[in-house]
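Scroll down for the structure; my scribbles are underneath it.
In what follows, chains are A, B, ... by sequence order, proteins preceding strands, each numbered from 1.
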Amino acid sequence: MLDIKLIREQPDHVRERLAARGAGDEAKISEVLNLDDQRRKALVEVEQLKAERNKVSKEIGALMGQKKLEEAEAKKKQTRDIGDRITVLDKQVAEVEAARDAILLRLPNLPHTKVALGKSAAENPTVRTWGNKPAFSAKPKSHVELCEQLKLVDFARGAKLSGSGFLLYTNWGARLERALIQFLLDLHTTEHGYTEVAPPYIIGRECMVGVGQFPKFEDQAYAVQEGLDKDTMGKLYLLPTAEAPVANIHRDEILKETQLPIRYCAYSPCFRAEAGAAGLGTRGMIRVHQFDKVELIKLVKPEDGYAELDKMVGNAERVLQLLGLHYKVIQLCTGDMGFASAMTFDIEVWAPGQDQYLEVSSCSNCEDFQARRMNLRFKTEAGENKFPHILNGSGTALARLFVALIETHQQPDGSIYIPEPLRPYLKADKIPA
RNA sequence: GGAGAGAUGGCUGAGUGGCCGAAAGCGACGGUUUGCUAAACCGUUAUACGGGUUAAACCGUAUCGGGGGUUCGAAUCCCCCUCUCUCCGCCA
């Protein structure tokens with residue numbers, strides 16, 4: 001959520017930054033200002049009335065104590081009217097405030113001024129690349145072909161169980177998935193300084209609002225109903241990413257400055273309705289309704305936000321380096337960034353069988369946008385309460401990593417080469433043909 | 001799912017209609033004393049919103065799990081919800 005004070009004090013700056021996203025949100029600022037102005041005017045009035053009522057009520061108390069009952073009764077009558085007007089004005093304030101906040105909750109974060117201007121993914125600048133596209137003597141196979149030949153994933157039966165977009169990993173496929181999860185968690189906890197947490201997979205609505213998924217993207221989530229009780233709908237959701245629960249761990253808290261930075265990593269499956277992505281577009285594992293992911297979350301002091309973002313990107317890159325996978329890091333331009341983010345770097349790994357790069361990580365600094373929504377603050381040494389920067393990044397998404405790994409390391413004999421760092425986890429140096 | 005108990009400031013815990021934004025203790029912070037440490041003593045110690053100010057000072061409003069009600073006035077009375085604990089049932 002944007003700071004209402006910032007909107008009040010620098011409306012043109014806010015409009016300009018929103019306009020950079022190219023979604024037309026800057027048009028809503030006038031209405032926010034108008035509602036905010038109405039709210040404050042009504043608030044001043046109602047607070048004056050309340051002050052008056054409090055004053056008279058105290059006098060009544062004093063009179064009652066002195067047994068001057070008649071005078072007390074007279075004053076009671078006087079304040080009854082004030083009470084009625086307060087009720088009306090209170091309601092008015094609440095309504096205007098709700099209207100204002102409904103807009104504020106749907107306004108995206110302001111892009112950092114250093115983010116490249118652009119309209120779409122086509123304008124995302126590449127920051128760097130690592131490694132090279134591997135050479136193959138024959139045309140490399142797609143992961144779909146490899147999975148079927150090596151029986152790593154049973155696509156047909158996955159769909160039988162849960163519909164299209166759901167995967168049934170089998171045998172070496174299941175073991176590889178599990179090995180990757182373990183490898184990633186160990187890497188981030190033992191080498192990158194993250195504290196592992198294991199969050200619930202079904203999460204409350206507030207978590208979704210806190211990270212900015214809701215209210216704007218409610219159509220993308222799987223909602224959960226408890227048994228046959230339809231009243232429970234709208235309360236719990238399958239998590240779309242571990243970011244949602246983990247970033248909310250300290251919601252409504254005031255942390256001590258010395259607690260920062262907090263760095264969490266978490267494995268979770270991720271559930272995405274992908275509404276509007278008809279047929280998911282791609283065959284195989286690239287766009288599915290459920291996938292595994294190891295997520296990185298940081299809560300840091302504002303002045304450390306961007307240094308920590310760079311480190312986080314580096315932590316995700318390390319995964320691909322250890323697995324010997326070629327990738328590039330791109331910065332998302334203003335028009336391509338996510339709702340809550342002020343700056344985002346994506347890591348795209350090369351998938352030879354697809355002849356394309358796949359997004360396996362997206363690292364963002366949301367600055368204080370999410371902290372504000374979830375009322376998460378820290379107290380500085382000077383005793384001031386401030387909102388921390390909240391960062392999230394994939395470290396990394398699994399299904400696509402799986403794809404890149406088997407497509408990159410497929411061997412002429414039909415087996416899959418397993419990179420050294422992963423072998424202790426899979427307890428094998430290759431997946432046999 | 002059934003029965004009961006509870007939720008108060010950083011923590012413990014008092015408070016059953018006005019003198020309560022809230023006793024007391026602990027902790028923390030500042031100071032005095034002190035060879036050092038400890039102890040003792042004094043003081044300070046929530047948050048948000050709004051007004052005000054160059055900025056402060058200052059003023060007001062709200063907040064005792066959340067929401068609603070009664071009342072001139074609610075931490076306190078009534079209703080609903082959430083969560084925690086204990087016992088029973090069921091269960092991986």
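- Taking a pair to require two hydrogen-bonding distances under 3.5 Å in either a Watson-Crick or a G-U wobble arrangement, B:rU76 remains unpaired.
- Looking at heavy-atom distances under 4.0 Å, A:Leu43 makes contact with sugar-phosphate atoms alone, never a base.
- When heavy atoms are screened at a 4.0 angstrom cut-off, A:Lys5 is found touching the sugar-phosphate backbone but no base atom.
- Counting to the nearest Å, the P atom of B:rC49 and the CG atom of A:Asn385 are 10 Å from each other.
- If you take CZ of A:Arg40 and C1' of B:rG60, they are 16 Å apart, rounded to a whole angstrom.
- Rounded to whole Å, the separation between the P atoms of B:rA3 and B:rG9 comes to 30 Å.
- Ring geometry for A:Tyr222 against A:Phe166 counts as tilted: the plane angle lies between 30° and 60°, on a 0 to 90° scale.
- At the heavy-atom level, A:Lys50 lies under 4.0 Å from the strands shown only through sugar-phosphate atoms.
- Panel note: side chain A:Ser394, backbone A:Ser362; a donor-acceptor pair is recorded below 3.5 Å.
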*Where do A:Lys160 and A:Asp154 land on the salt bridge (charged side-chain N to carboxylate O under 4.0 Å, His left out) test, with the steps shown first?*
CA-CA 10 Å; A:Lys160 176 167 79 176; A:Asp154 189 333; over 6 Å; no
*Where do A:Glu218 and A:Arg205 land on the side chain to side chain contact (heavy atoms under 4.5 Å, CB included) test, with the steps shown first?*
CA-CA 10 Å; A:Glu218 199 156 351; A:Arg205 186 184 176 79; 3.0 Å; yes
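- At the heavy-atom level, A:Thr79 lies under 4.0 Å from the strands shown only through sugar-phosphate atoms.
- Taking atom C1' on both B:rA7 and B:rC81, the two are 14 Å apart, rounded to the nearest angstrom.
- In this structure, B:rG35 forms no base pair with any nucleotide, since neither Watson-Crick nor G-U wobble geometry is met with both distances under 3.5 Å.
- Atom C1' of B:rG60 sits at a distance of 11 Å from the matching atom of B:rG52, rounded to the whole Å.
- Counting only heavy atoms from C-beta outward, the side chains of A:Asp3 and A:Asp368 never approach each other to under 4.5 Å.
- Residue-level contact check: A:Lys256 touches neither bases nor backbone, having no heavy atom under 4.0 Å from any strand.
- Regarding A:Ile254, its CD1 atom lies at a distance of 10 Å from the C1' atom of B:rG10, rounded to whole Å.
- Under the 6.0 Å cut-off for aromatic ring centres, A:Phe339 and A:Phe369 qualify, their centroids lying closer than that.
- One atom, CG of A:Asp252, and another, C1' of B:rU82, lie 14 Å apart when rounded to the nearest Å.
- Side-chain proximity of A:Ala51 to the nucleotides B:rG50, B:rU61, B:rU47 is greatest for B:rU61.
- The gap from the C1' atom of B:rA14 to that of B:rU33 amounts to 34 Å, rounded to the nearest Å.
- Pair assignment for B:rU63 gives B:rA46, based on Watson-Crick or G-U wobble hydrogen-bonding distances that are each under 3.5 Å.
- Two residues are said to be in side-chain contact when any heavy atoms from C-beta on lie closer than 4.5 Å; A:Tyr267 and A:His188 fail this criterion.
- Comparing the same atom, P, in B:rC26 and in B:rA39 gives a spacing of 12 Å after rounding to whole Å.
- Each of A:Glu52 and A:Lys76 was matched to the nucleotide of RNA chain B holding its nearest heavy atom; the match closer to the 5' end belongs to A:Glu52.
- The C1' atoms of B:rC72 and B:rA57 are separated by 34 Å, rounded to the nearest whole Å.
- When heavy atoms are screened at a 4.0 angstrom cut-off, A:Arg372 is found touching no nucleic acid atom at all.
- Look at A:Lys55 and you won't find any side-chain N or O under 4.0 angstrom from OP1 or OP2 of B:rC72.
- When rounded to the nearest whole Å, the span between NZ of A:Lys58 and P of B:rC20 equals 9 Å.
- When rounded to the nearest whole Å, the span between CD1 of A:Ile60 and C1' of B:rC19 equals 16 Å.
- Base-pair partner of B:rG6: B:rC83 (Watson-Crick or G-U wobble, both distances under 3.5 Å).
- When both pairing distances are held under 3.5 Å, B:rA56 makes no Watson-Crick or G-U pair with any nucleotide shown.
- Among the protein residues, A:Val44 comes within range of the sugar-phosphate backbone only, with heavy atoms under 4.0 Å from sugar or phosphate atoms but none that close to a base.
- Comparing B:rU8 with B:rU84, their C1' atoms sit 15 Å apart, to the nearest whole Å.
- The nucleotide B:rA92 finds no pairing partner, because no Watson-Crick or G-U wobble arrangement with both distances shorter than 3.5 Å includes it.
- For the P atoms, the distance from B:rC64 to B:rU76 is 8 Å, rounded to whole Å.
- An OP1 or OP2 oxygen of B:rG73 is reached within less than 4.0 angstrom by no side-chain nitrogen or oxygen of A:Arg80.
- Between the C1' atom of B:rC49 and the CG atom of A:Asp90 lies a distance of 13 Å, rounded to the nearest Å.
- Close to B:rC72, at under 4.0 Å from its OP1 or OP2, lies no side-chain N or O of A:Arg53.
- Contact annotation: the side chain of A:Phe378 approaches that of A:Thr380 to within less than 4.5 Å [non-hydrogen atoms, C-beta and beyond].
- Here the P atom of nucleotide B:rU71 and the NZ atom of A:Lys77 are 15 Å apart, to the nearest Å.
- Using the Watson-Crick or G-U wobble rule with both distances under 3.5 Å, B:rG25 pairs with B:rC11.
- OP1 and OP2 of B:rG73 both lie 4.0 Å or more from every side-chain N or O belonging to A:Asn54.
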